[in-house]
2 protein chains.
Amino acid sequence: MILCDIGNSRAHLFMDGVVEDLTIEDCLSRYAHEKVYYICVNERAARKIVKKAPRWIDLSHRHLLETSYKGLGIDREAACLGVEDGIVIDAGSAITVDVMEKGVHKGGWIWPGLRALRDAYARISTKLDCEIRSDLKLDGLPLETCDAVSFGILAPIVSLVRAFGQGKRIVLTGGDAEKIAAILPEAQIDREVVFRGMMKMIKDNETC
Amino acid sequence: MILCDIGNSRAHLFMDGVVEDLTIEDCLSRYAHEKVYYICVNERAARKIVKKAPRWIDLSHRHLLETSYKGLGIDREAACLGVEDGIVIDAGSAITVDVMEKGVHKGGWIWPGLRALRDAYARISTKLDCEIRSDLKLDGLPLETCDAVSFGILAPIVSLVRAFGQGKRIVLTGGDAEKIAAILPEAQIDREVVFRGMMKMIKDNETC
């Protein structure tokens with residue numbers, strides 16, 4: 001079984017227990033003729049799939065998650081289905097944070113991704129065009145510009161995830177999972193969490 | 001006495017007890033021939049002033065503030081000089097947060113301004129192009145996309161300013177001061193804080 005999660009900028013493929021990160025173009029050109037179960041939050045990519053990949057099966061409308069949230073992206077929904085209790089952080093083009101309690105989604109919030117945040121600073125002034133320092137100590141006040149920028153990006157993540165997590169398990173996925181793990185050492189990286197959710201969607205449909 | 005604080009996108013003028021917010025072009029064309037004390041963090045504007053406004057007096061090198069911070073912008077320095085004890089938030093193109101204790105600057109951090117943050121979300125996906133809701137309740141989890149975006153922008157401000165403020169006075173300035181005051185009702189808007197600092201710089205120079 002091949003599973004594919006298509007985001008705003010990349011495609012993540014799951015096959016034989018291995019997760020592969022690809023450009024959307026690459027993914028489509030390599031797997032267009034296979035049977036692939038997919039979710040997709042990228043409308044342009046969705047149109048291409050319908051045109052070029054006739055055997056692909058869209059799971060985007062198989063809503064299983066119990067939640068009061070309106071308009072939850074199918075990728076967030078799949079990731080949440082993969083976790084019974086805990087905080088799910090998907091750090092990609094955007095960083096989404098969702099809280100799960102006994103299999104029920106309690107809500108969540110969105111930040112721009114690390115790249116988008118860096119770019120936002122750089123657009124304001126070249127002086128704010130800084131590498132993000134994941135090793136920055138966040139319990140003291142920054143004493144120079146690039147530390148002040150890294151603090152502005154990273155301290156909210158640590159502070160709010162811990163405040164709303166209240167000791168819950170923290171599950172990390174997405175392209176920047178390692179960078180977030182560096183500031184949240186109690187978090188566990190889980191590259192398969194979205195695909196576990198997708199498998200639940202497939203299974204649920206089969207039993208209906 | 002005319003004082004002028006030139007930022008990355010706007011000029012703020014102080015004359016006869018009144019603060020005026022102008023475009024940099026407007027400010028220069030109207031006051032080029034007056035005697036104006038100024039600070040400027042915008043290199044392009046700085047070059048224009050030197051060319052077009054021969055009577056303007058640059059305060060940018062009159063560093064008075066006691067701090068270990070390297071490369072503190074002169075506008076942040078002026079604002080901090082205007083507060084003996086407290087948190088100083090300047091919410092403009094960027095949002096700077098600085099901590100003052102007994103007249104000494106203890107450090108601070110930087111966020112992109114509210115406009116820059118909105119734009120950062122909008123660039124990721126049109127679905128994230130949302131008005132910021134300053135009336136959003138920040139103690140519960142968001143349950144729809146635009147609330148999730150507003151939460152992502154506003155919750156870090158409340159959470160980190162309170163964590164590092166530890167009950168200190170919070171002083172707000174900059175174009176978005178009102179929007180920040182809506183989520184931090186204990187903060188006081190003070191449009192003159194930067195100019196009070198500039199007056200200290202002028203006075204100190206006169207007594208040397």
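Lettering follows sequence order; numbering is per chain, from 1.
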For each of [options], tally heavy-atom pairs with chain A at distances under 4.5 Å, and name the one with the top tally.
options: B:Leu160, B:Ile110, B:Ile157; answer: B:Ile110
options: B:Ala155, B:Ala94, B:Pro112, B:Gly71; answer: B:Pro112
options: B:Ala120, B:Gly107, B:Gly73; answer: B:Gly107

**Asked** From B:Ile132 CD1 over to B:Cys146 SG, what is the distance, rounded to the nearest 0.5 angstrom?
**Response** 10.5 Å
**Prompt:** Is it the backbone or the side chain of A:Leu128 that comes under 4.5 Å from a heavy atom of chain B, or both, or neither?
**Reply:** side chain
**Prompt:** So, do A:Val19 and A:Leu13 sit near enough that their side-chain heavy atoms are less than 4.5 Å apart?
**Reply:** no
**Asked** Do B:Val36 and B:Leu3 come within less than 4.5 Å of each other through their side chains, counting heavy atoms only?
**Response** no
**Fill in**
Taking every heavy atom of B:Ile180 against every heavy atom of B:Ala91, the minimum-distance pair comes out as CG1-CB, 3.9 Å
**Closest approach of B:Ala78 to B:Ile39 (non-hydrogen atoms, all atoms of both residues)** = CB-CD1, 3.9 Å
Give the atom names and distances for all donor-acceptor pairs closer than 3.5 Å across chain B and chain A.
residue, atom, partner, partner atom, Å
B:Lys70, N, A:Leu143, O, 2.8
B:Gly108, N, A:Pro142, O, 3.2
B:Ile110, N, A:Ala148, O, 3.2
B:Ile110, O, A:Tyr121, OH, 2.7
B:Trp111, NE1, A:Gly152, O, 2.8
B:Tyr121, OH, A:Ile110, O, 2.6
B:Pro142, O, A:Gly108, N, 3.2
B:Leu143, O, A:Lys70, N, 2.8
B:Ala148, O, A:Ile110, N, 3.2
B:Gly152, O, A:Trp111, NE1, 2.8
B:Ser159, OG, A:Ser159, OG, 2.5

**Message:** Among B:Ile189, B:Val171, B:Leu184, exactly one meets side-chain contact (heavy atoms from CB on, under 4.5 Å) together with B:Ile89. Which residue is that?
**Reply:** B:Leu184
**Item:** Step-by-step side-chain contact (heavy atoms from CB on, under 4.5 Å) determination, B:Ile153 to B:Leu114
**Value:** CA-CA 8 Å; B:Ile153 293 175; B:Leu114 296 182; 3.7 Å; yes
**Prompt:** Given the rule in the side-chain contact (heavy atoms from CB on, under 4.5 Å) test, do B:Met201 and B:Leu81 qualify, once you have shown the distances and angles that lead to the verdict?
**Reply:** CA-CA 9 Å; B:Met201 290 172 179; B:Leu81 283 172; 3.8 Å; yes
